[in-house]
Amino acid sequence: MSRPTLAVILAAGEGTRMKSSLPKVLHAIAGRSMLAHVLASVKQAGITDAAVVVGPGREDVAKVAQKELPGCAVFTQVERKGTGHAVLAAKEALADGKDIIVLYADTPLVRPQSIETLKAALADGASVAVLGFHAADPTGYGRLIVEGDALTAIVEEKDATPQQKAVGFCNGGLMALSGEHGLALLEAIGNANAKGEYYLTDAAEIAHRRGLRAVARPIAEEEVQGVNDRLQLAAAEAVMQSRLRAAAMRDGVTMTAPETVFLSHDTRIGNDVVIEPNCWFGPGVTIESGAVIHAFSHLEGAHVGSGASVGPFARLRPGADLAEEVKIGNFVEVKAASVERGAKISHLSYIGDARVGAEANIGAGTITCNYDGYLKHRTDIGAGVFVGSNSALVAPVTIGDNANIGAGSVITRDVPADALAVARGRQVGIDGWAKTYRAKKKAEKAAKTKG
């Protein structure tokens, strides 16, 4: 049976090196905050009970935590006295005797499988389990001192002997404590150190001294990559993007230059989709099988049906819903609009707050005039409609099925099905006018030069 487990996520760091008014843990990676990434991994690891420790006055952090994991408890660390002190800020939740998994909200790359590894170590009889990585350069990291299968201590580099500094197995920060002994171990942590702080890492040595089993399990170094400044944020983004691209390509997506494609954490892409270089996907995008996203396209909150073609240089904004075999061409923007099967909007158009019927053809330069300065209004374009180039459809307006709109028209009234609507000034021609005009202007210029 699964053991009751509480995840404690430490999110109280000030993040001064980010130089930002936004709390560090709310900075985004792949369209989702770092805190939300950690909580998502917690959920995927099968843990539904969590406590998030925030700093004073950080209701914004608490709100994100409770949105991502409804029902999670939020505790405030009033004074910052180290990681052990931070965990004990959630002492009320720890008293339930559940196994404890401690994670950090600024370590967003941890996978659910690694959390499950910690859970398994406790189920196997360990009282303390930590995740460690083998570093090519261990400088600056705490070292995991292991004898046989037992973790005897975690030693910070500044306190390490030359022999301990030679150890390449480093502390990844994440720790699990058994429900039976966890709270007692946390309360036994002292602050007899140079900083006068309570270090969570001391729990491993305390457990060993008490004859309890402490173990270390390996993890990839990138998973415990922390974020303290903008450079590390960019590095974490790069890792996440690499993961997302790899997962998409393994699922049957073709990317001709994957390093130039940026995905969101929730981008959903079907098989046999082709994504050309330099495309960006914000949150809430779904691409069905067989679609092509051409170069330099920008999508957010959009659905692209199977076999559709988007771009190059297209923008799909939230609410864009493209059906099968739709064509959205270069320099076309679609927002809050449904485009039905086989419709074409090939170039230089804006379609917002609208419906475009099946097999309709929207000419170059067409726009839906959806905003009157106060409210948005809908444009309804029926199936099979042909809209001539450089037309403006002033909403609210309905174009009936199979109607034709003459090029350059400004349509302000409904157009019946199968009708032709032309709304533009009548062309007037005056023979010889241009010749007379040129002669007049030349004479005026000559007179001015003489004077």
Side-chain angles (χ1 to χ4, degrees), residues 284-288 291 294 297-429:
V285 174
T286 297
I287 313 295
E288 304 289 356
H294 293 284
S297 292
H298 184 291
L299 294 78
E300 181 177 4
H303 171 267
V304 178
S306 61
S309 174
V310 176
F313 295 98
R315 184 179 183 193
L316 301 185
R317 290 170 58 192
D321 185 5
L322 314 185
E324 298 87 349
E325 306 300 329
V326 163
K327 179 182 178 183
I328 301 297
N330 51 289
F331 302 104
V332 171
E333 180 177 340
V334 180
K335 187 272 295 184
S338 60
V339 185
E340 297 176 359
R341 184 183 180 93
K344 296 179 176 63
I345 310 170
S346 294
H347 22 243
L348 302 163
S349 295
Y350 169 71
I351 303 296
D353 297 283
R355 177 185 77 94
V356 179
E359 304 298 332
N361 187 91
I362 308 300
T366 295
I367 61 171
T368 57
C369 307
N370 57 328
Y371 185 51
D372 65 7
Y374 298 93
L375 299 171
K376 297 290 180 70
H377 302 280
R378 299 279 301 174
T379 298
D380 190 89
I381 302 169
V385 167
F386 180 89
V387 179
S389 297
N390 201 35
S391 293
L393 310 179
V394 182
V397 70
T398 297
I399 314 299
D401 292 350
N402 299 306
N404 273 39
I405 306 299
S409 293
V410 178
I411 302 299
T412 59
R413 293 183 294 177
D414 292 351
V415 178
D418 294 307
L420 167 66
V422 181
R424 58 178 182 244
R426 185 179 296 275
Q427 184 170 322
V428 176

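The chain is numbered in sequence order, starting from 1. As the structure is a computational prediction, the values presented were derived from the model and not from experiment.
Using a 4.5 Å heavy-atom cutoff, the side chains of N361 and V387 are not in contact. D418 places none of its side-chain heavy atoms less than 4.5 Å from the side chain of D401. No side-chain heavy atom of E340 sits less than 4.5 Å from a side-chain heavy atom of E325. Looking at heavy atoms from C-beta onward, I351 lies in side-chain contact with V356 at the 4.5 angstrom threshold. Looking at H303 and E288, their side chains come closer than 4.5 Å, going by heavy atoms from C-beta outward. Under the 4.5 Å side-chain criterion, counting only non-hydrogen atoms from C-beta, V310 is in contact with L322. Looking at V415 and I405, their side chains come closer than 4.5 Å, going by heavy atoms from C-beta outward.
The side-chain hydrogen bond (donor to acceptor under 3.5 Å, both in side chains) analysis of residues 365-374, with sequence neighbours excluded, yields the pairs Y350-N370, D353-N370, D372-H377. Listed by first then second residue, pairs satisfying side-chain hydrogen bond (donor to acceptor under 3.5 Å, both in side chains) with a partner in residues 380-391 read R355-D380, not counting sequence neighbours.
The pair R317-E333 meets the salt-bridge criterion, since a charged nitrogen lies less than 4.0 angstrom from a carboxylate oxygen.
The nearest pair of heavy atoms linking A395 to R378 is CB-O, 3.4 Å. When all heavy atoms of G363 and S349 are compared, the pair lying nearest together is O-OG, 3.3 Å. Pairing each heavy atom of I411 with each of R413, the nearest pair is CG2-O, 3.3 Å.
Crowding of K327 atom NZ: a count of heavy atoms from other residues, nucleotides or ligands under 6.0 Å not exceeding 12.
Using a distance-only test at 3.5 Å, with no hydrogens or angles considered, no donor-acceptor pair links the side chain of R315 to the main chain of S297.
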